[in-house]
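Reading through the structure tokens given below for one structure.
For reference, positions follow the sequence shown, starting with 1.
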Amino acid sequence: MIAGLSKSVTLYLAPVLSLTSLFLILFAYAAPALLLHSKVALLVVSPSSMLMNSSSRAIDGPTVFLGALGSCSRPNNKGPVTCTPPTLSPTYDLSALPPNVPKLLDAPTTSTPAFIAISIGFSTIFLILFTLISLRASLGPKLSATLERPALHRASAWLGFLGFLIGLTSFLILRMWFGKAVEDFNTGIAQGGSNAPQLIAQTSNGFTMAWVGYAFFAVPVICALARLHVTAGGK
């Protein structure tokens with residue numbers, strides 16, 4: 001029973017988790033500039049009175065959605081959403097915010113989004129190789145023999161490990177960057193007193209999607225590394 005469960009995890013569950021994780025990470029990376037404009041972001045500046053009187057009530061005002069590749073904004077709760085073109089070196093459009101907001105919402109350095117793009121590329125190749133290797137018994141004798149090569153197993157495991165490590169580290173850097181921006185922005189609003197705009201900055205659901213994505217991605221990576229270890233031990 002345990003052997004059957006282990007086989008099912010390796011053959012079916014791990015590739016599905018790898019595919020799911022890739023979509024989650026891609027959404028967290030591309031939003032909001034490229035897709036899910038007002039649904040997913042890494043940081044959101046929204047109207048709120050919480051910093052003024054410690055109570056949250058619904059108020060109307062501008063909202064800005066920031067991500068790794070750009071930003072989107074709307075002038076009020078029901079207004080149209082406009083976005084900047086996606087790029088590895090974005091300049092956030094904060095024109096929807098009042099002129100007296102703290103000027104503390106800067107885009108991360110170009111290298112961080114670039115490293116995430118590299119990790120997504122590694123993860124995509126890993127997904128293809130890992131799925132083919134897992135299902136090689138069903139792909140015919142010639143292709144199955146090709147997929148049995150140890151070099152291909154090593155390449156798959158290393159691509160998965162590098163994609164996981166580079167991507168997770170890059171998102172952790174983004175989390176620290178935006179976390180500091182949120183803290184400084186909210187401190188500036190609170191220090192402005194009654195003359196400050198009723199806004200609050202918060203890290204958003206893009207990071208949650210990234211953490212879930214990498215938790216899922218860890219399963220196929222561990223399977224690939226375990227398979228590589230078994231193959232090496234059998235020599």
Side-chain angles (χ1 to χ4, degrees), residues 24-117 168-213:
L24 288 173
I25 295 165
L26 187 60
F27 290 160
Y29 175 62
L34 195 60
L35 44 82
L36 301 172
H37 305 304
S38 61
K39 304 296 183 183
V40 177
L42 300 181
L43 187 153
V44 175
V45 178
S46 57
S48 173
S49 60
M50 185 178 298
L51 296 177
M52 299 295 105
N53 53 26
S54 299
S55 65
S56 179
R57 58 185 177 87
I59 60 175
D60 197 8
T63 304
V64 174
F65 308 91
L66 307 183
L69 299 180
S71 66
C72 295
S73 62
R74 63 185 179 210
N76 51 63
N77 293 344
K78 295 184 179 180
V81 177
T82 58
C83 299
T84 62
T87 174
L88 292 178
S89 54
T91 300
Y92 293 147
D93 180 10
L94 307 177
S95 59
L97 300 179
N100 58 335
V101 297
K103 309 299 182 183
L104 300 170
L105 300 176
D106 297 323
T109 58
T110 305
S111 59
T112 305
F115 275 118
I116 296 177
L168 182 60
T169 302
S170 299
F171 269 104
L172 286 172
I173 292 172
L174 284 181
R175 178 61 181 82
M176 290 186 288
W177 178 281
F178 283 122
K180 185 64 166 59
V182 165
E183 182 181 344
D184 293 343
F185 183 89
N186 291 339
T187 299
I189 292 290
Q191 290 175 347
S194 59
N195 294 324
Q198 292 186 320
L199 297 169
I200 189 170
Q202 297 172 306
T203 53
S204 192
N205 54 356
F207 285 114
T208 303
M209 294 180 70
W211 307 148
V212 174

Residues which pass side-chain hydrogen bond (donor to acceptor under 3.5 Å, both in side chains) with Asn100, listed by chain and number, not counting sequence neighbours: none
Rounded to the nearest 0.5 Å, what separation is found between the CG atom of Leu35 and the CG atom of Leu26? 7.0 Å
Heavy atoms, side chains only, cut-off 4.5 Å: are Ser170 and Ser111 in contact? no
Specify the closest pair of heavy atoms between Val81 and Cys72, including all atoms of both residues, with the distance to one decimal. CG1-CB, 3.8 Å
Nearest-0.5 Å distance, CZ of residue Phe185 to CZ of residue Phe178: 13.5 Å
Scan the side chains in residues 89-97 for donor-acceptor partners under 3.5 Å anywhere in the protein, sequence neighbours excluded, and list what turns up.
{"residue": "Tyr92", "atom": "OH", "partner": "Gly67", "partner atom": "O", "Å": "2.6"}
{"residue": "Asp93", "atom": "OD1", "partner": "Ser95", "partner atom": "N", "Å": "3.1"}
{"residue": "Asp93", "atom": "OD1", "partner": "Ser95", "partner atom": "OG", "Å": "2.7"}

Looking at Phe65 and Pro32, what are the two nearest heavy atoms and their distance? O-CG, 3.5 Å
Taking all atoms of both residues into account, what is the closest heavy-atom pair of Ser38 and Arg74, and its distance? CB-NH1, 4.0 Å
Sequence neighbours excluded and cut-off under 3.5 Å, please list the side-chain donor-acceptor pairs for residues 200-207, or say none.
{"residue": "Asn205", "atom": "OD1", "partner": "Ala41", "partner atom": "N", "Å": "3.3"}
{"residue": "Asn205", "atom": "ND2", "partner": "Lys39", "partner atom": "O", "Å": "2.9"}

Closest heavy-atom pair, Cys83 versus Ala33, reported as atoms and distance to 0.1 Å, is CB-O, 4.2 Å
Between Trp211 and Leu172, is any pair of side-chain heavy atoms under 4.5 Å apart? yes
Tell me which one of Thr84, Val45, Thr82 satisfies side-chain contact (heavy atoms from CB on, under 4.5 Å) with Ser71. Thr84
Minimum heavy-atom separation for Ile189 and Pro197, please, with both atom names. CG2-O, 3.6 Å
Tyr29 (side chain) donor-acceptor with Pro113 (main chain) under 3.5 angstrom: yes
Could you pull out all residues at least two apart from Leu34 that satisfy side chain to side chain contact (heavy atoms under 4.5 Å, CB included)? Ala30, Pro86
Mind checking what makes side chain to side chain contact (heavy atoms under 4.5 Å, CB included) contact with Thr169, not counting sequence neighbours? Leu165, Ile173
Are any non-hydrogen side-chain atoms of Val44 and Leu66 less than 4.5 angstrom apart? no
Partners passing salt bridge (charged side-chain N to carboxylate O under 4.0 Å, His left out) against Asp106 (at least two apart in sequence or in another chain): none
State the CG-CD distance between Asn186 and Gln191, to the nearest 0.5 angstrom. 11.0 Å
